[in-house]
Amino acid sequence: MTAPLFPGRARRSVAALGAVSAGLLLLSACGDKPTPLATVTVGTSTVSAESDCRADGKDLSMDRVQECLTNVKHAKTVDYHRGDTLRLGVEPEIVEDGNKWQAVLDGQPITEPSSNTYRSFQGADVFATGGQGEAPSSKVLGFVQVGEDGKPLAVWSFKLKLK
C-alpha cells in the first residue's frame, strides 16, 4: 500500500554510504596506533611482539625498565637449541630520529646500542653458564629502545626456552 520513497538504486546508494560512514567512525574510534614490532628468530621459528612498556615519547625510569624486563608473564616464547643462530630484528620506526636499540639477556646487555634494524648471532650459546652449574630452562630476551641521549624509551620482551 505504501509506495517506496526512493527507487531501488537510491536505497542501495544510501545503504552503502551509511555502511562506509559507520566503518570510518569505527576506525577513527581506534585512536591507539600499534607500536612497532620487534622480532626474534631461532632456526625456522619466528615470534614478533609489540612493546611491553612504553612511555609515549618520554623516558622510562630505570626501575620501570627493570620491571618490564623481569615481570614478563605474557612474553612470547621461542624454542632455542644450543648452537642455533639467534636473529634479532626491529621495525625501522624504532631507530628513527636518532633512536637506537639494545638487546638485553636476563637483564644484562648483550649488544651495544645500534641503529641497525637487524642483528644475527651464529652458533651463540645463550644458555652457557661458564661452568657455574646447570643452565636455566628459559631466559628473558629484551629489546630496549634508547633515545639519542641514551635514556630508555620502550621495552620488548621475549622468552627463550632451552630445548
Side-chain angles (χ1 to χ4, degrees), residues 23-24 26-163:
L24 289 174
L26 285 173
L27 284 176
S28 67
C30 298
D32 291 339
K33 179 180 162 191
T35 61
L37 298 176
T39 303
V40 176
T41 301
V42 178
T44 58
S45 299
T46 299
V47 292
S48 296
E50 289 187 17
S51 171
D52 298 319
C53 301
R54 183 171 209 85
D56 294 323
K58 302 173 193 158
D59 299 337
L60 288 174
S61 70
M62 289 310 289
D63 289 339
R64 181 76 175 124
V65 170
Q66 281 304 112
E67 179 184 325
C68 294
L69 290 171
T70 56
N71 191 12
V72 289
K73 294 176 183 146
H74 304 291
K76 292 191 177 179
T77 301
V78 63
D79 291 338
Y80 182 87
H81 295 87
R82 291 182 190 273
D84 277 345
T85 298
L86 177 64
R87 295 176 181 90
L88 312 176
V90 298
E91 288 188 338
E93 295 170 54
I94 293 173
V95 294
E96 286 178 347
D97 302 323
N99 294 333
K100 296 181 178 187
W101 68 281
Q102 181 172 24
V104 177
L105 187 64
D106 277 349
Q108 300 299 314
I110 59 171
T111 66
E112 293 294 319
S114 174
S115 58
N116 295 327
T117 58
Y118 177 78
R119 299 289 305 257
S120 178
F121 303 92
Q122 267 188 315
D125 188 359
V126 297
F127 285 90
T129 62
Q132 301 295 319
E134 191 174 329
S137 61
S138 68
K139 288 198 172 200
V140 175
L141 175 66
F143 294 36
V144 179
Q145 180 189 32
V146 294
E148 284 185 286
D149 57 3
K151 294 184 180 175
L153 302 172
V155 177
W156 293 256
S157 297
F158 300 89
K159 284 185 184 175
L160 295 178
K161 186 176 180 185
L162 183 60
K163 285 290 178 178

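For Val47 against Lys76, the heavy-atom pair with the smallest separation is CB-CB, 4.2 Å. Counting all heavy atoms, side chain and backbone alike, Glu148 lies closest to Gly98 at CG-O, 3.4 Å. In terms of heavy atoms, Asn99 sits closest to Gly147 at OD1-CA, 3.3 Å. Considering every non-hydrogen atom in both Phe143 and Gly89, the closest pair reads CE2-O, 3.5 Å. Taking all atoms of both residues into account, the shortest heavy-atom contact from His81 to Lys163 is NE2-CB, 3.3 Å. Residues Val144 and Pro152 come closest through the heavy atom pair CG1-CB, 3.9 Å.
Taken to the nearest 0.5 Å, the CZ atom of Phe127 stands 7.5 Å off from the CG atom of Leu105. In this structure, NZ on Lys151 lies 11.0 Å from CE on Met62, to the nearest 0.5 angstrom. From Lys100, atom NZ reaches atom CD of Glu112 across 9.5 Å, with rounding to the nearest 0.5 Å. To the nearest 0.5 Å, the span separating OG on Ser138 from CG on Asp79 amounts to 11.0 Å. Atom OG1 in Thr85 sits 11.0 Å away from atom CZ in Phe121 (nearest 0.5 Å). Atoms CG and CD1, on Leu37 and Ile94 in that order, are 7.5 Å from each other to the nearest 0.5 Å.
No more than 12 heavy atoms of other residues, nucleotides or ligands sit less than 6.0 Å from atom CD of Gln122.
Counting only heavy atoms from C-beta outward, the side chains of Leu160 and Val40 approach each other to under 4.5 Å. Contact check for Arg54 versus Pro36: side-chain heavy atoms found under the 4.5 Å cut-off. Taking 4.5 Å as the limit, some side-chain heavy atom of Arg82 sits within range of a side-chain heavy atom of Leu162.
Thr35 places a side-chain N or O within 3.5 Å of a backbone atom of Ser51 that can act as its donor or acceptor partner. Proximity of a side-chain donor or acceptor of Lys139 to a complementary backbone N or O of Val126 within less than 3.5 Å is detected. Of the possible polar contacts, one joining the Gln102 side chain to the Thr111 backbone as a donor-acceptor pair under 3.5 Å is found. Under the 3.5 Å distance criterion, the side-chain polar atoms of Asp59 are left unmatched by any main-chain donor or acceptor of Leu153.
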Exercise for review: Under the side chain to side chain contact (heavy atoms under 4.5 Å, CB included) rule, what do Leu141 and Leu88 come out as? Steps first, then yes or no, please.
Suggested key: CA-CA 10 Å; Leu141 175 66; Leu88 312 176; 3.5 Å; yes
Practice item. Go through Thr117 and Trp101 one step at a time and tell me if the side chain to side chain contact (heavy atoms under 4.5 Å, CB included) criterion holds. Key: CA-CA 9 Å; Thr117 58; Trp101 68 281; 5.6 Å; no
